[in-house]
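Just follow the structure's listing: the first ligand is 1, and inside any ligand the first atom is 1. When a residue number appears, it is its place in the shown sequence, counting from 1. Just so it is clear, the model here is predicted, and its values are computed rather than measured.
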Amino acid sequence: MTQVFKFGGASIQDAAAIRRVGELLARFRARPLIVVVSAMGKTTNALETLLAAARAGETEEYRDRLETLRQEHLTTVEALFGDRAGPVTERVEALITELDQLHRRHASRERPFHYDQTVCYGELLSTTIISAWLDEAGMATEWLDARDLVVTDDCHQAANVDWQATVERVRGLATDDDKIRVTQGFIGGTTEGVSTTLGREGSDFSAAILAHCLDAEEVTIWKDVPGLFNADPRRFDNAVQLERISYDEAIELAWHGAKVIHPKTLGPLQQKSIPLTVRSFEDLEAPPSTIGRDTRFDTQTPSLVLLEEQTLLEIRSRDFAFMDEPRQHDILGRLVEAGLHASLIDAGAMRLSLCLDDGHPDRLEPLVSSLCADYAVVRHEDLTLLTVRHADDALLAALSAGRDSLAERRNADTAQRLFPSTQCQGTWHIPL
Ligand code: ASP
Ligand code: MG
């Protein structure tokens with residue numbers, strides 16, 4: 001049965017990293033194997049800036065940025081292939097030329113469309129280099145264009161998968177020889193052959209789509225951390241690795257803001273009971289973390305998520321009327337229209353409180369203005385939302401000590417508390 005491996009930007013950021021991927025594949029390669037790859041390092045960010053410059057009229061800044069992108073990729077090719085770099089250099093140059101030329105056709109189109117035509121080159125470049133490197137290292141590969149495999153609608157920058165069409169295309173893939181199939185994460189194509197993208201950090205999702213369509217045995221995401229943790233190790237000094245959690249638990253953690261896995265990834269795998277393993281490419285002996293059907297271990301370790309830059313809106317009706325269902329319906333309808341997600345909703349008799357991310361002022365400010373026109377709104381800013389899964393009262397009390405909670409919510413397995421960010425700085429310790 002097919003295995004799917006996914007390598008993110010950090011695992012292929014330069015020649016040394018790509019060599020390491022080659023060594024890893026030589027050692028762990030499964031048969032048949034599909035390798036899904038992101039853009040190298042921070043290339044997607046660089047392409048976003050390039051796009052802005054292209055839309056501003058192909059200025060000098062545009063030329064500089066394109067040249068930097070070109071040089072970065074050619075330097076990697078040079079470092080990998082040395083005096084055998086010729087054919088790969090040519091392919092990279094051809095992609096850069098295509099990228100340069102497409103703006104002339106698309107600069108007058110809407111930005112999301114132009115975005116997808118531009119940004120997909122990050123993955124096209126990385127997979128071209130990696131596929132050639134694996135060939136060079138003696139592993140036969142086949143380079144596949146994900147735009148022909150992952151069929152989507154034309155909702156640019158957040159394309160939706162056409163599952164039926166995708167299954168048909170992916171099932172048509174030959175997998176019965178010894179080749180490693182290398183393809184791009186994050187990108188897809190419409191039935192008309194127009195490039196689309198699945199949303200930032202979407203390569204995990206791509207791996208899951210292919211695995212789903214192939215009824216794969218397992219998906220492995222190779223990362224620069226040993227696996228999944230019960231809290232962000234950069235914020236919590238005693239975070240521990242979770243070796244086994246269920247799909248539902250992982251979805252809950254991702255939903256509450258843990259940067260574990262792209263949230264859309266787990267659904268397609270859960271439907272087919274395909275396990276997802278997260279492993280370190282830096283420490284091949286480290287025990288991995290596996291997300292699967294087994295729910296037995298979910299409640300053993302409490303998990304914590306901190307979400308920063310939150311804003312709380314306390315909404316009351318002006319005439320002291322109850323915050324009844326029609327009013328809740330009205331307020332939540334406006335939230336949906338604004339395209340925002342509430343990280344916490346807390347309803348009382350006279351009040352509805354919404355905790356929202358500060359990161360989208362272009363959506364948040366119009367929503368606040370619209371609410372202020374019809375309701376009495378109190379706004380608190382600069383807050384941090386703590387979510388704890390499987391907490392007991394003692395743990396919650398200890399985490400809240402010395403912190404003022406502005407809003408709370410709790411159900412059988414999840415507790416949330418909203419604190420002023422000034423009380424949440426620095427490193428946390430999980431009081432066990
Ligand atoms: N390269 C894309 C991004 O940086 C997709 C991914 O990395 O998963 O968003
Ligand atoms: Mg990336």
Handout entry: Where ligand 1 meets Glu123 - atom numbers and elements under 4.0 angstrom, heavy-atom basis
Key = 1 (N), 2 (C), 5 (C)
Practice task
For Phe186, take its heavy atoms, then give the atoms of ligand 1 lying under 4.0 Å from any of them.
Solution key: 2 (C), 5 (C)
Problem - Within 45° cone of Trp428 ring axis and under 6.0 Å: Arg403 NZ or CZ - result: yes
Exercise for the section: Decide salt bridge (Lys or Arg N to Asp or Glu O under 4.0 Å) for Glu61 and Arg65; before the verdict, give the C-alpha distance in whole Å, the side-chain angles of both, and the deciding distance to 0.1 Å. Expected result: CA-CA 6 Å; Glu61 188 198 333; Arg65 291 195 183 281; 2.7 Å; yes
Exercise for the section: Could you tell me whether Arg55 sits above the aromatic face of Tyr115, with NZ or CZ closer than 6.0 angstrom to the six-membered ring centre and within 45 degrees of the axis? Expected result: no
Handout entry: Over 12 non-hydrogen atoms of neighbours within 6.0 angstrom of CZ in Arg104
Key = yes
Completion exercise
Under 4.0 Å from one or more heavy atoms of Arg200, ligand 1 contributes atoms 3 (C), 4 (O), 9 (O)
Problem - Option with minimal heavy-atom separation from atom 2 (C) of ligand 1, where the choices are Thr43, Asn45, Thr44 - result: Thr44
Practice task
Could you tell me if any non-hydrogen atom of His262 lies under 4.0 Å from any atom of ligand 1?
Solution key: no
Exercise for the section: With sequence neighbours excluded, give me every ring-ring contact (aromatic ring centres under 6.0 Å, His included) pair touching residues 87-113. Expected result: Tyr62-His103, His103-His114, His106-Phe113, Phe113-His156
Problem - Numbering as shown, the atoms of ligand 1 that approach Ser38 to under 4.0 Å (heavy-atom distance) - result: 6 (C), 7 (O), 8 (O)
Handout entry: Any Gly202 heavy atom less than 4.0 Å to ligand 1
Key = yes
Exercise for the section: Step through the shown structure and confirm whether more than 12 heavy atoms of other residues, nucleotides or ligands are within 6.0 Å of CZ on Arg410. Expected result: yes
